[in-house]
Amino acid sequence: MKNQEIAEIFYEIADILEIQGVDWKPNAYRKAAQNIESLSEDIVDVYKKGKLEDIPGVGENISRKIEEIIKTGKLKYLRKLKKQVPIELEKMMSIPAIGPRTAKLLFDKLKVKSIKDLKKAAKLHKIRKLKGMGEKTEREILEGIKTLEGSKGRFLLGHVLPATREIEEEIGRLPEVKQISLAGSVRRMKETVHDVDVLVSTDKPKKVIKFFVGMDDVKRVLAKGSTKASVKLSGGLQVDIRVVENDYFGSALQYFTGSKEHNIELRKIAIRKGFKLSEYGLFKGRKVIAGKKEVYVYKKLGLPFIEPELREDKGEIEAAASYKLPKLVKEKDVKGDLHVHTKWSDGSDRIEEVARAAKERGYKYLGISDHVSRVRIVHPLDKRRLLKQMKEIEKVNKKKLGITLLKGAEVDIDKNGKLILSNDVLKKLDFVIASIHSGFKSDVREITNRIVKAMENPFVNVIAHPTGRLMQKRKPYSVDFDKVFEAAKDNNVALEINSFPDRLDLNYVNARAAKEKGVKLIIGTDSHSKEHLGFMELGVGVARRGWCGKKDVLNCLDYGKLKKWLNK
DNA sequence: GCCGTTTTCGGCCCGACTGTTTTCAGTCG
């Protein structure tokens with residue numbers, strides 16, 4: 001039974017209780033679920049140690065329920081609740097305009113239990129007859145179902161970032177705009193985002209909002225008020241703008257960056273100190289004591305500045321209060337990229353082109369790592385072509401481009417944990433990345449064994465994308481990270497944070513666990529063209545969300561030290 | 001249901017916008 005599965009159960013309980021109109025309990029269950037979800041340790045281990053109640057938000061009652069789930073795989077309480085409220089809650093509530101109260105109303109009056117029922121009811125115009133509902137709500141619900149069916153609910157950070165920056169620039173060019181910043185989950189570098197938040201300060205809110213809803217890419221205006229507006233872009237992405245006065249841009253930025261959970265904790269601190277915190281500032285009575293800048297808000301609450309990527313209420317507030325926040329790695333700390341494909345396998349650019357682009361980015365070194373694989377589609381290298389490629393790399397190095405190329409390869413791990421290239425070839429390389437590209441469906445033991453065995457090969461330096469996930473396409477394979485972390489340390493092997501937009505693997509939870517265990521990380525882009533080198537920002541985002549500093553990331557080392565590490 | 005440098009009982013974040021209403025509940029973030 002995994003942490004995630006147990007968390008899901010408590011989320012479900014929270015939803016049902018909310019529908020039933022129960023006060024406070026939903027929050028308590030949700031809080032517990034969040035903390036279980038983000039636990040880096042296996043909850044079964046925590047249970048065995050008798051430490052369940054050490055998890056924040058878990059008390060006597062919930063810990064008893066966790067025990068029941070671990071022992072029996074089920075929870076009677078949830079079953080009972082489900083019988084009382086037999087509704088597809090999670091899906092229903094993902095439809096805009098439907099929250100717990102409306103779901104309850106729809107069930108009570110129209111026996112709507114599922115999206116299917118909902119669609120039918122809306123099409124038959126039954127919903128508009130309910131109290132508090134109308135034509136417009138009905139249309140919005142149908143629209144929402146369409147969106148859900150097209151699964152356009154969440155977007156990959158790497159895919160929305162470019163468009164988002166364009167919008168930021170476009171609005172920023174307005175002379176009326178004093179300050180502008182992205183906020184929300186984009187600013188926190190969350191791997192997927194539901195919408196994009198833009199914060200602007202100006203004396204002319206109407207003008208800015210008018211411009212915003214009239215931008216070229218806007219397909220639909222969802223809401224438009226005097227201080228905020230929401231639009232849907234043609235690609236389906238929702239963008240929200242919030243317009244404030246310059247005097248409280250800081251507190252507004254703090255507020256709109258979130259996360260919600262982080263902000264709730266901050267407000268509690270404010271209350272304890274006799275203050276009140278909102279987007280309009282930090283107040284002592286009626287007096288504003290902080291608002292202009294984000295950092296002042298934290299300061300007046302007795303805290304140092306907390307980087308946006310950490311603001312998830314995962315211990316950052318406690319760490320800040322005791323001045324134990326980590327100094328996070330920055331993109332400019334990265335000295336090179338070690339996961340790059342070229343035309344030799346399935347990349348689209350030649351070695352020299354990629355090298356020049358890497359040099360442009362300020363890198364000191366670049367590791368070429370084309371595929372050695374049995375997957376035909378990637379046009380893999382065999383021994384002969386690999387040796388030939390190494391010659392070409394040497395040739396490019398002689399051109400003195402101001403960047404050093406390292407000879408590497410991304411070699412498949414076979415189903416027994418062996419690399420599909422013999423050691424006498426591997427040892428000629430500067431570095432070896434090992435990765436799993438087949439047999440994803442094997443069980444956790446098998447996968448873990450394959451990875452561990454690969455790490456025991458003396459020439460392996462990095463395990464690429466350790467869980468193999470492709471967001472929105474393929475689930476991660478199960479890996480026993482305790483074992484993998486141990487083996488990584490024992491064998492001086494680094495784990496990769498793969499920066500490709502749909503991978504981001506390790507994810508930030510695992511990256512943080514790795515860091516805490518003292519495992520070294522490498523941030524690689526898995527570039528298949530020179531433009532992909534820019535994905536580094538996403539991997540750095542993951543590392544930052546995982547509390548990693550530059551000392552945790554090997555490709556922040558300069559060339560000499562990195563080379564030494566690679567030679568083990 | 002959880003939690004505690006105000007508390008083991010009594011709190012539990014805060015505000016904007018919308019639709020459907022004539023003053024507000026529900027949703028959203």
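Labels below follow one simple rule: chain letters A, B, ... track the order of the sequence lines, proteins then strands, and each chain is numbered from 1.
Here the straight-line distance linking atom NZ of A:K206 with atom OG of A:S226 works out to 8.0 Å at 0.5 Å rounding. For the atom pair CD1 (A:I6) and CG (A:L75), the distance works out to 10.0 Å, reported to the nearest 0.5 Å. Note that OH of A:Y29 is 3.5 Å distant from NZ of A:K65, once rounded to the nearest 0.5 Å.
If you find the closest nucleotide of DNA chain B to A:L17 and to A:L277, the one lying nearer the 5' end belongs to A:L17. Comparing A:A223 and A:P100 along DNA chain B, the residue whose closest nucleotide (by nearest heavy atom) sits nearer the 5' end is A:A223.
A:K276 comes within 4.0 angstrom of the backbone, heavy atoms only, and of no base. Residue A:K65 is classed as a sugar-phosphate contact, given heavy-atom separations below 4.0 Å to backbone atoms only. When heavy atoms are screened at a 4.0 angstrom cut-off, A:I98 is found touching the sugar-phosphate backbone but no base atom.
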What protein N or O atoms touch nucleotides 19-22 of chain B N or O atoms at under 3.5 angstrom, if any, and at what distances?
residue	atom	partner	partner atom	Å
B:dG19	OP1	A:K136	NZ	3.1
B:dG19	O3'	A:T137	OG1	3.0
B:dT20	OP1	A:G134	N	2.2
B:dT20	OP1	A:G134	O	3.1
B:dT20	OP1	A:E135	N	3.3
B:dT20	OP1	A:T137	OG1	3.1

Atom pairs under 3.5 Å: protein N/O with N/O of nucleotides 8-12 of chain B:
residue	atom	partner	partner atom	Å
B:dC12	N4	A:W24	NE1	3.0

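Within 3.5 Å, no donor on the side chain of A:Y255 pairs with an acceptor on the base of B:dG15, nor the reverse.
Across every strand in view, B:dT8 sits unpaired, with no contact that passes the Watson-Crick or G-U test at under 3.5 angstrom.
A sub-4.0 Å separation between OP1 or OP2 of B:dT27 and a side-chain N or O of A:T102 is present. For B:dG1, the OP1/OP2 oxygens have no side-chain nitrogen or oxygen of A:Y77 closer than 4.0 Å. Phosphate contact (OP1/OP2 of B:dA16, side-chain N/O of A:S226, threshold under 4.0 Å): absent.
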Residues A:D240, A:Q238; criterion side chain to side chain donor-acceptor pair (under 3.5 Å); working and verdict: CA-CA 7 Å; A:D240 299 342; A:Q238 184 179 326; 3.0 Å; yes
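Residues from residues 78-95 of chain A with heavy atoms under 4.0 angstrom of DNA chain B, sorted by number: A:I95. Against DNA chain B, the stretch residues 49-59 of chain A makes heavy-atom approaches under 4.0 Å through A:P56, A:G57, A:V58, A:G59. Near DNA chain B, meaning a heavy atom under 4.0 Å from it, residues 206-215 of chain A has no residue at all.
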In a table with atom names and distances, give each donor-acceptor pair under 3.5 Å that connects a side chain of residues 118-142 of chain A to protein atoms at least two apart or in another chain.
residue	atom	partner	partner atom	Å
A:K119	NZ	A:E149	OE2	3.1
A:H125	ND1	A:R128	NH2	3.0
A:H125	ND1	A:E138	OE1	2.7
A:R128	NE	A:E138	OE1	2.9
A:R128	NH2	A:E138	OE1	3.0
A:K129	NZ	A:H125	O	3.3
A:E138	OE2	A:I127	N	3.2
A:E138	OE2	A:R128	N	2.9

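Ring pair A:F500/A:H532 is perpendicular by interplanar angle, where above 60° counts as perpendicular and below 30° as parallel.
Across B:dA16, B:dT27, B:dG1, the shortest atom-to-atom separation from the side chain of A:Y280 is found for B:dA16.
Atom pair A:K224:NZ and B:dA16:P shows a separation of 19 Å (rounding to whole Å applied). A:F10 places its CZ atom 11 Å from the P atom of B:dG1, with the value rounded to the nearest Å.
If you take atom P in B:dA16 and the same atom in B:dT20, they sit 22 Å apart, rounded to whole Å.
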